[in-house]
Amino acid sequence: MTFPYGLTIAISGSHKLKRFTQWAEATLPDLQYRLPPQTPIKTETMTIRLSAVEDRARVLSALSTSKL
């Protein structure tokens, strides 16, 4: 599966990948995405790769109503 669309979100602290995965499973269980292999603790953003442009709007909408 290809993931041609990217979305950079603000996220700080440690365990970014694990926190996003848990949030996505609870909030958007059918979301198709790919995360980077790792993220440094000091970064405050993370880019998620998505399979459809509609998924970008879904993630942004869900992020506006729940905290990551």
Could you go through residues 36-46 and list every donor-acceptor pair under 3.5 Å that involves a side-chain atom there, pairing it with any protein atom two or more places apart or in another chain?
from	atom 1	to	atom 2	distance (Å)
T43	OG1	P40	O	2.9

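With sequence neighbours excluded, no residue satisfies side-chain hydrogen bond (donor to acceptor under 3.5 Å, both in side chains) with S64. Looking at residues two or more places apart in sequence or on another chain, you find a side chain to side chain contact (heavy atoms under 4.5 Å, CB included) between T2 and P4. Not counting sequence neighbours, the partners of L60 by the side chain to side chain contact (heavy atoms under 4.5 Å, CB included) test are L7, R56. Not counting sequence neighbours, S61 has no partner by the side-chain hydrogen bond (donor to acceptor under 3.5 Å, both in side chains) test. For A57, there are no side chain to side chain contact (heavy atoms under 4.5 Å, CB included) partners, not counting sequence neighbours. For T27, the side-chain hydrogen bond (donor to acceptor under 3.5 Å, both in side chains) partners at least two apart in sequence or on another chain are W23. Here Y33 pairs with F20 under the ring-ring contact (aromatic ring centres under 6.0 Å, His included) rule; sequence neighbours left out. In this view, R34 and F3, R49 satisfy the side chain to side chain contact (heavy atoms under 4.5 Å, CB included) rule, not counting sequence neighbours.
Rounding to the nearest 0.5 angstrom, the gap separating the CG atom in L35 from the CG atom in L17 is 5.5 Å.
Between the side chain of S66 and the backbone N or O of L63 there is no donor-acceptor pair closer than 3.5 Å.
Residues in residues 6-31 take part in these salt bridge (Lys or Arg N to Asp or Glu O under 4.0 Å) pairs, two or more places apart or across chains: D30-R58. Note on residues 40-60: no pairs pass ring-ring contact (aromatic ring centres under 6.0 Å, His included), not counting sequence neighbours.
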